[in-house]
Amino acid sequence: MDDVEPFLEIRMTNESCPILSPEQRQFLEIREAAEKVMLETIEQAISDAAAEVANKIRSAGLEFEPTDRDYFAFTAQQSLFVRLCGGDPHTFEGGDPEIGDRILRNGRHIIDHYWKARGTPSP
């Protein structure tokens, strides 16, 4: 399947759609199905964590606002960011700043391409 990875690079950087071989199409279908399940699992884990905290706060009789789902999403994002940079998500040590910069540039690209008017780059 070595011929799949170059296709993925082309797809990520090119607006054109190359014609996929049956093997490439099957590979992508398998991977996309796993990705869908993974993302659904992450969303469920975030909801479950928020609900668990809210229930325990209520059960303990504490008068605090329950922790928002976004807190847990941010926690997951931060842990995955450090992991992708090669660092330890528990200590934040050992990450590669070059990889971190590339990830942040990718985030900026998403903002510019999908959320801002086309032709209006970010500073």
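What you see is a predicted model; the values in this text were computed from it and never measured.
Rounding to the nearest 0.5 Å places CG of L20 at 6.0 Å from CG of L28. The distance from atom CD of E43 to atom CG of L39, rounded to the nearest 0.5 Å, is 8.0 Å.
The list of salt bridge (charged side-chain N to carboxylate O under 4.0 Å, His left out) pairs with a residue in residues 72-88, not counting sequence neighbours, is empty. Here side chain to side chain donor-acceptor pair (under 3.5 Å) pairs that include residues 55-65, with residues two or more places apart or in two chains, are E52-K56, N55-R58. Among residues at least two apart or in separate chains, there is no side chain to side chain donor-acceptor pair (under 3.5 Å) pair with a member in residues 90-102.
The pair E29-R25 does not count as a salt bridge, with every side-chain nitrogen at least 4.0 angstrom from each carboxylate oxygen.
L104 and L84 fall within the same hydrophobic cluster, where Ile, Leu, Val, Met, Phe, Trp and Tyr residues are linked whenever their side-chain heavy atoms come under 4.5 Å apart, directly or through other members.
For A73, the side-chain contact (heavy atoms from CB on, under 4.5 Å) partners at least two apart in sequence or on another chain are I46. I30 is linked by a side-chain contact (heavy atoms from CB on, under 4.5 Å) to Q26, counting only residues two or more places apart in sequence or in another chain.
F72 pairs in a side chain to side chain contact (heavy atoms under 4.5 Å, CB included) with only one of the listed residues (D48, T67, I42), which is T67.
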Practice problem: Apply salt bridge (charged side-chain N to carboxylate O under 4.0 Å, His left out) to E35 and R31, showing your working. | Solution: CA-CA 6 Å; E35 181 179 309; R31 190 176 70 188; 5.1 Å; no
Which atom pairs, donor and acceptor, lie under 3.5 Å between side-chain atoms of residues 75-82 and protein residues at least two apart or in another chain?
{"residue": "T75", "atom": "OG1", "partner": "Y71", "partner atom": "O", "Å": "2.9"}

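The minimum heavy-atom distance between D70 and D68, with the atom names listed, is N-OD2, 2.8 Å.
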